[in-house]
Amino acid sequence: QVQLVESGGGLVQAGGSLRLSCAASQRTFRGYTMGWFRQAPGKEREFVAAISRSGGSTYYADSVKVRFTISKDNAINTMYLQMNSLKPEDTAVYYCAATDQPLYSTNSYFRALTYNYWGQGTQVTVSS
């Protein structure tokens, strides 16, 4: 089994920046598609960003494009989500997710059911 652990959440002011990290216990980290999802109170879990196994392709929800950047370092089994120009509506619990299954459709990157490994979540709160 793969264990995912998020860190870096906290309280920030609107317009500020925050970087989330996701560390994975995995020998072949390179072989995993990874993504970030978030869930705010009263809302469904929503897609935020995803990155391909090699790191060569990235995908973002329209609400976070330009402001957020996803990346991963396969050498140290760590994925990041750099969040800039944060808004109060970004407030949510952020979850790291991964899958070692092949993806045959771009749409698969956006679906929570695609991922079979999940972290415990980290709270991000943006004050106005």
Side-chain angles (χ1 to χ4, degrees):
Q1 295 184 342
V2 175
Q3 181 179 11
L4 303 176
V5 180
E6 302 100 332
S7 62
L11 174 64
V12 298
Q13 296 181 19
S17 298
L18 201 64
R19 187 181 72 169
L20 304 183
S21 298
C22 175
S25 58
Q26 168 59 225
R27 292 195 181 103
T28 56
F29 190 82
R30 177 181 294 177
Y32 285 77
T33 295
M34 304 191 72
W36 290 95
F37 289 77
R38 67 186 183 186
Q39 186 166 23
K43 296 184 178 180
E44 295 184 350
R45 180 172 51 183
E46 66 174 340
F47 169 78
V48 176
I51 188 166
S52 62
R53 292 181 294 176
S54 67
S57 298
T58 57
Y59 305 90
Y60 299 92
D62 289 340
S63 60
V64 305
K65 275 185 176 178
V66 179
R67 298 189 299 119
F68 289 12
T69 302
I70 188 172
S71 63
K72 66 175 179 176
D73 188 338
N74 289 334
I76 60 173
N77 295 337
T78 302
M79 177 178 66
Y80 305 98
L81 183 67
Q82 178 66 47
M83 305 184 293
N84 298 324
S85 301
L86 283 163
K87 305 174 180 179
E89 50 263 44
D90 293 318
T91 295
V93 176
Y94 284 70
Y95 297 91
C96 172
T99 181
D100 59 349
Q101 299 300 302
L103 274 60
Y104 300 108
S105 173
T106 300
N107 185 62
S108 295
Y109 286 98
F110 316 138
R111 299 174 63 251
L113 289 176
T114 293
Y115 304 88
N116 55 335
Y117 298 104
W118 293 85
Q120 82 289 347
T122 184
Q123 177 70 48
V124 172
T125 302
V126 184
S127 64
S128 59

For [X] and [Y], indicate whether the former's side chain and the latter's backbone hold a donor-acceptor pair under 3.5 Å.
| X | Y | result |
| --- | --- | --- |
| K87 | V126 | no |
| S25 | Q3 | yes |
| T58 | I70 | no |

hydrophobic_cluster_shared for [Y] and [X], side chain cutoff 4.5 Å:
| X | Y | result |
| --- | --- | --- |
| L86 | V93 | no |
| L103 | Y32 | no |
| V64 | L18 | yes |
| M34 | Y109 | no |
| F110 | W118 | yes |

Atom pair [atom1]/[atom2] of [X] and [Y] - distance to nearest 0.5 Å:
| X | Y | atom1 | atom2 | answer |
| --- | --- | --- | --- | --- |
| S7 | R19 | OG | CZ | 8.5 Å |
| S21 | Q82 | OG | CD | 9.5 Å |
| S54 | N74 | OG | CG | 8.0 Å |
| T114 | Q101 | OG1 | CD | 10.5 Å |

Within-4.5 Å side-chain heavy-atom neighbours: [X] and [Y]:
| X | Y | result |
| --- | --- | --- |
| L20 | Y95 | no |
| T69 | Y60 | yes |
| L81 | R38 | no |
| M79 | L4 | no |
| Q123 | T91 | yes |
| N116 | V2 | no |
| M83 | R67 | no |
| C96 | W36 | yes |

Aromatic plane relationship, Y115 with F37 - under 30° parallel, 30 to 60° tilted, over 60° perpendicular: perpendicular

Specify the closest pair of heavy atoms between [X] and [Y], including all atoms of both residues, with the distance to one decimal.
| X | Y | result |
| --- | --- | --- |
| N84 | S17 | OD1-OG, 2.9 Å |
| R45 | A112 | NH2-CB, 3.6 Å |
| E6 | Q120 | OE1-OE1, 2.7 Å |
| P88 | A14 | CD-CB, 4.2 Å |

